[in-house]
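Down below is the structure, laid out as structure tokens.
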Number of protein chains: 2
Amino acid sequence: MNDRADKKAARATADQVAREANVSRVAVSRAFNPNASLKPEKRDRILQVARELNYTPDMAARSLVTGRSHLVGMIVPDVCSPWESQEIDALTTALQAEGFATLLFKVKADFSMDPRLLTYMRGFNPDSVIAFTENILPDVLCGFLDRAVPIYVIYDDVKQFAGAASGTLYDRLLVRQKNGIAQAVALLQGYGARRIAYLGGKAQSLANAERERTLKETLAERGMDAPIVLAGDYTYDTAYQATLDLFRIGDGADAIFAANDVGAFGAIDALRHELGLSVPDDVKVVGFDDIPQAHWKSYNLTTVRIDLDERVRALVRLILMRLRAPDAEPLTETLNTRLIVRGTVG
Amino acid sequence: MNDRADKKAARATADQVAREANVSRVAVSRAFNPNASLKPEKRDRILQVARELNYTPDMAARSLVTGRSHLVGMIVPDVCSPWESQEIDALTTALQAEGFATLLFKVKADFSMDPRLLTYMRGFNPDSVIAFTENILPDVLCGFLDRAVPIYVIYDDVKQFAGAASGTLYDRLLVRQKNGIAQAVALLQGYGARRIAYLGGKAQSLANAERERTLKETLAERGMDAPIVLAGDYTYDTAYQATLDLFRIGDGADAIFAANDVGAFGAIDALRHELGLSVPDDVKVVGFDDIPQAHWKSYNLTTVRIDLDERVRALVRLILMRLRAPDAEPLTETLNTRLIVRGTVG
DNA sequence: TTTGTGAATGAACACGTTTTCATTTTGTGA
DNA sequence: TCACAAAATGAAAACGTGTTCATTCACAAA
């Protein structure tokens, strides 16, 4: 009589639906499996009864027998980072449309992987795993997870991993940094920048290493001096402090190339609000990522874009391909970058 | 011989571990269940073998028999919103430490709930559900999910839901808006603000409605004029445009109270970079939330804080309480707000 | 030695589904 | 009408675990 009384009202089971609809339990199973052969009218009747009883197939039971959990694990160091939250949001939406749910696991900010986390995650038997932390060695992941699980390491560098595992067991999404960086350097040079500082990201970040390397390479090609390299960690506060140090302790620079947009924001604010310098008149600033905040008027940041839609489409394509053909050869998708010109250069 | 060959190397099962360790399969199960009675040396040996075989209990199978999935569902409209991503991040960390994994579901930005999503989510049998979209009526959720599943609706308003369901079946986290708003209004009045505009959030948002109501109430108590109410949706762009309209089409204001920090950013940028006005000299701005970006120097926003740590601690406390005692009476935790004074008022 | 108490043990069952396989029904052409 | 393929059907067997229950074991007290 009381609300608390029907708490025991467990979820309806396929047996109950079968009994109610005067069919076998197998028929119920088939009714929820589109490509199973079942008389249309029978299917309709079953689905009708199922709706009345508020029945949904139990994923755990289904997973047990089919071996597919319809779960995609995501390993994320920082959900708050605009870059990662964008990706989580878009991937979740796309995968949800294909019938997969997102299983979120958080790793420590310093990227140190807790082995128990991987063990724990493996218990859920995810159909696929996306690792956002670029410095988790794929081999480590492969060791803890099953070899049959496709693994995606986002934005690693071809060269870094070329010799890591002889036969790479995971699909990869690579980003060509060269294009956007070359455009940015050309623009900076055009505005007369000579002393360029590179405001780095996390030391362990492969993307950071690749950006620094590409920047050096590009500057050399154009006959410009090597950049002043500042240590960073992708955060606003660290970038802010590093910029202060550059101008107070060091000799300054006439352009700052930040490893990510948030770092660029920190640099801009330090220049404008603490050092009393003008951006772009005194110092030019370029970022990396083109997160939504980059177009906010206070920053209006010129930045190297890696298109979100392209990224997500490529990732989803990879994942679905792998889920449908687990034995296919590992695939590599390549993305390009390009400069988005706004107001922080000239 | 080839990597591809051992793809079939399925995950180790409890049976294999049992055989290898010369024990019964039940013993293996007990070895992984801390409070089961098992001779210590035997347990150690089993765990040792399990480690060698890289064995992990299958969550699906475990879920099937225990009825607990160790999954916590989160229904989120926008992972990119700093407010929500903070919460997801902190909750995931806290729940992970307690052995629960986060299952992420995304709903449309306009909060319209797709009933099929709820049905789908129910299939995963989450032990608990956290709904970030405050305007999902709890009754709708209760209808689709089982009554036995504890449901948390974050930041709803006591008054709104008082009469919704006679016996509320869900635990709640309430936020007292009054404190922070009263402090903000006092500060604004002290600096001589007279014409105050309220830059609203999503129309369907209960938190927005409650903030607007509380602001009006507070202004009236202090004998000030009712606020000019601007429609918004919590986004930067909308806030930016609404502010332009207020000053170009409307009669302007000498203070803007935004429903959230991101909206305040939009207002500040419109004032400074398009209308040529000074913040705080010409117009004062107050935000709501105190997201990390609020202390960025470009904005340096005075805002009403709802402490993240307090929020997460309270939520985790509620969830764990409910998981351990499903039959306990529905609980309500209450949080307070307070003003963080920075540079956008005076 | 006997009795009693609690821990340790394993066989059997249960969880809710999909899949296999053998059987029955339906539909089609001669 | 017959023959044959194709579609529809249900019984039974999995999937990998936790739990119940009756039994055995170890040890201390009588």
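Letters A, B, ... mirror the listed sequences (proteins, then strands); counts begin at 1.
In this structure, B/Arg43 atom CZ and C/dA8 atom P are separated by 9 Å, rounded to whole Å. Between A/Asn125 atom CG and D/dG16 atom C1' there is a gap of 11 Å when expressed in whole angstrom units.
C/dA30 is paired with D/dT1 under the Watson-Crick or G-U wobble criterion, all donor-acceptor distances under 3.5 Å. Nucleotide C/dT24 is matched to D/dA7 when pairs are restricted to Watson-Crick or G-U wobble geometry with both distances under 3.5 angstrom.
OP1 or OP2 of C/dT17 has not a single side-chain nitrogen or oxygen of A/Ser63 nearer than 4.0 Å. Between B/Asn33 and D/dT19 there is a side-chain N or O to OP1 or OP2 distance below 4.0 Å. Look at A/Lys39 and you won't find any side-chain N or O under 4.0 angstrom from OP1 or OP2 of C/dT25.
Taking only side-chain atoms of A/Arg30, from C-beta outward, the nucleotide of C/dT17, D/dG10, C/dT9 with the closest atom is D/dG10. Nearest to the side chain of B/Pro40, among C/dA8, C/dG10, C/dT17, sits C/dA8. Closest to the side chain of B/Ser24, out of D/dT19, C/dT9, C/dG10, is C/dG10. Among C/dT18, D/dG10, D/dG16, the nucleotide with an atom closest to any side-chain atom of A/Lys42 is D/dG10. Of the candidates D/dT19, D/dG10, C/dT17, D/dG10 carries the atom nearest the A/Val26 side chain, counting heavy atoms from C-beta on.
Using a 4.0 Å heavy-atom distance criterion, B/Tyr55 is classed as a sugar-phosphate-only contact. Using a 4.0 Å heavy-atom cutoff across all strands shown, A/Ser37 reaches at least one base atom of the nucleic acid. When heavy atoms are screened at a 4.0 angstrom cut-off, A/Thr66 is found touching the sugar-phosphate backbone but no base atom. Within 4.0 Å of A/Ser29, counting heavy atoms only, lies at least one base atom of the nucleic acid.
Judged purely by atom type and a 3.5 angstrom limit, B/Arg11 uses its side chain to pair as donor or acceptor with the backbone of A/Arg122.
Between B/Val23 and B/Ala61, the residue anchored closer to the 5' end of DNA chain C is B/Val23, taking for each the nucleotide with the nearest heavy atom.
Within a 6.0 Å sphere centred on CD of B/Glu333, heavy atoms belonging to other residues, nucleotides or ligands number more than 12.
Taking the six-membered ring for Trp and thresholds of 30 and 60 degrees, B/Phe124 and B/Phe105 have ring planes inclined between 30 and 60 degrees apart.
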